[in-house]
Amino acid sequence: AAFAKQREVIGTVAKRYPRLVEHQGLELSYSSRHLNVLSADPRLVDYDALLGSDDLRARNDLDIRIATRGRLTERIAQAAHRAGTLLSYNHMFGGSFEGAEPNTRREALLARLLENRLYGAELLEVGYRGRGGHDLADHLWVWDELAKHGSLPVGIGVSDSHGGERQRWRTGANNFLSWIYATSPDRADLVVGLAAGRVYFGDL
């Protein structure tokens with residue numbers, strides 16, 4: 001119901017900006033590892049089906065949830081890929097916005113990303129001036145180090161704005177965006193451009 005309501009809101013807002021093409025998106029965020037689904041036809045994930053086995057069944061015990069979230073994220077990513085989608089690994093240093101204290105060293109993050117192989121994500125959010133307590137230089141360092149170890153995700157830049165005065169796109173510190181070289185602004189053509197790595201990020 002929420003997904004349908006969001007589609008309705010997008011349609012209403014789109015009428016105000018006839019030159020702007022808007023697409024509905026989807027983030028897989030059951031665990032702390034957030035992944036964006038990038039596909040011609042995004043579908044909601046059936047979390048209940050993925051949590052069907054006893055070892056991954058959601059429980060009130062925090063330790064159990066923490067211990068299983070990596071395996072659950074792996075299942076979610078596999079299900080998305082079986083549906084023919086691309087995945088973007090979001091805000092690698094965590095969800096806190098600019099000005100936050102770092103809670104993960106970049107070397108520790110690199111080790112984690114190499115261990116979980118970004119859950120097969122083809123894209124990585126790199127273009128942040130500040131996110132999770134780390135600046136753009138740290139984001140670029142992790143991206144470079146991944147490449148040195150044979151992991152070559154396509155880097156993208158985003159704002160991940162959640163609205164409000166502090167996170168307004170025009171005035172916020174994190175106002176990067178990505179340009180996709182595609183034959184049209186249709187969703188399917190944009191996904192083809194992303195899959196081919198024909199995307200560049202920066203400050204408009």
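Numbers here are sequence positions counted from 1. Remember, it's a predicted structure, so these values are computed and weren't measured experimentally.
- Between Asp189 and Ala182, the closest heavy-atom pair is O-CB, 3.6 Å.
- In this structure, Glu22 has no side chain to side chain donor-acceptor pair (under 3.5 Å) partners at least two apart in sequence or on a different chain.
- Applying the side chain to side chain donor-acceptor pair (under 3.5 Å) test to residues at least two apart or on different chains, the pairs with a partner in residues 87-97 are Glu27-Asn90, His34-His91, Asn36-Asn90, Ser88-Asn90.
- Across Val199 and Gly155, no two heavy atoms sit closer than the pair CG1-O, 4.3 Å.
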Subject >> side-chain contact (heavy atoms from CB on, under 4.5 Å) evaluation trace for Leu204 with Asn175 >> reply: CA-CA 8 Å; Leu204 184 63; Asn175 62 350; over 6 Å; no

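- Hydrophobic clustering of Ile, Leu, Val, Met, Phe, Trp and Tyr side chains at less than 4.5 Å, counting indirect connections, unites Leu124 with Leu140.
- No more than 12 heavy atoms of other residues, nucleotides or ligands sit less than 6.0 Å from atom OH of Tyr181.
- Residues Val126 and Phe176 fail the side-chain proximity criterion, which asks for heavy atoms closer than 4.5 Å.
- For the salt bridge (charged side-chain N to carboxylate O under 4.0 Å, His left out) condition, the pairs that include at least one residue of residues 107-119, sequence neighbours left out, are Glu74-Arg117, Arg105-Glu107.
- Using a 4.5 Å cut-off on side-chain heavy atoms (C-beta onward), Ser151 and Leu113 make no contact.
- Judged as a salt bridge (charged side-chain N to carboxylate O under 4.0 Å, His left out), and not counting sequence neighbours, the contacts of Asp41 are Arg43.
- Under the ring pair (Phe, Tyr, Trp, His ring centres under 6.0 Å) criterion, the residue pairs touching residues 111-138 are Phe93-His134, Tyr128-His139, with sequence neighbours excluded.
- Of all heavy-atom pairs spanning Leu146 and Pro153, the tightest one is CD1-CG, 4.3 Å.
- Of all heavy-atom pairs spanning Ala80 and Leu87, the tightest one is CB-CD2, 3.9 Å.
- Atom CD1 of Ile156 is separated from atom CD of Glu122 by 11.0 Å, given to the nearest 0.5 angstrom.
- In this structure, Thr85 contributes its side chain and Val37 its backbone to no donor-acceptor pair below 3.5 Å.
- No side-chain donor-acceptor contact under 3.5 Å links Ser178 to the backbone of Phe201.
- With sequence neighbours left out, the side chain to side chain donor-acceptor pair (under 3.5 Å) criterion links Ser159 to no other residue.
- With sequence neighbours left out, Arg33 forms a salt bridge (charged side-chain N to carboxylate O under 4.0 Å, His left out) with no residue at all.
- Closest approach of Ala195 to Leu86, counting heavy atoms only: N-CD1, 3.6 Å.
- Residues passing the side chain to side chain donor-acceptor pair (under 3.5 Å) test with Asn116: none are found, sequence neighbours excluded.
- Asn174 places a side-chain N or O within donor-acceptor distance of the main-chain N or O of Gly130, the cut-off being under 3.5 Å.
- Think of Val9 as one node in a network of Ile, Leu, Val, Met, Phe, Trp and Tyr side chains linked at under 4.5 Å; its network also takes in Val13, Tyr17, Leu20.
- Hydrophobic clustering (side-chain heavy atoms under 4.5 Å, transitive across Ile, Leu, Val, Met, Phe, Trp, Tyr) groups Leu136 together with Trp141.
- Here His23 pairs with nothing under the side chain to side chain donor-acceptor pair (under 3.5 Å) rule; sequence neighbours left out.
- The salt bridge (charged side-chain N to carboxylate O under 4.0 Å, His left out) check on Arg198 picks up nothing, with sequence neighbours excluded.
- Between Leu109 and Asp138 the shortest side-chain heavy-atom distance does not fall below 4.5 Å.
- With contacts defined as side-chain heavy-atom distances shorter than 4.5 Å, the pair Leu194/Ile180 qualifies.
- Rounded to the nearest 0.5 angstrom, Ser29 OG and Leu35 CG are separated by 9.0 Å.
- We find the CD1-CD distance between Ile10 and Gln24 to be 4.5 Å, quoted to the nearest 0.5 Å.
- For residues 124-136, the salt bridge (charged side-chain N to carboxylate O under 4.0 Å, His left out) pairs, not counting sequence neighbours, are Arg129-Asp203, Arg131-Asp160.
- Thr104 contributes atom OG1, which lies 12.0 Å from atom CE of Met92 (distance to the nearest 0.5 angstrom).
- Trp179 and Leu123 fall into different hydrophobic clusters, where Ile, Leu, Val, Met, Phe, Trp and Tyr are joined by side-chain heavy atoms under 4.5 Å apart, directly or via other members.
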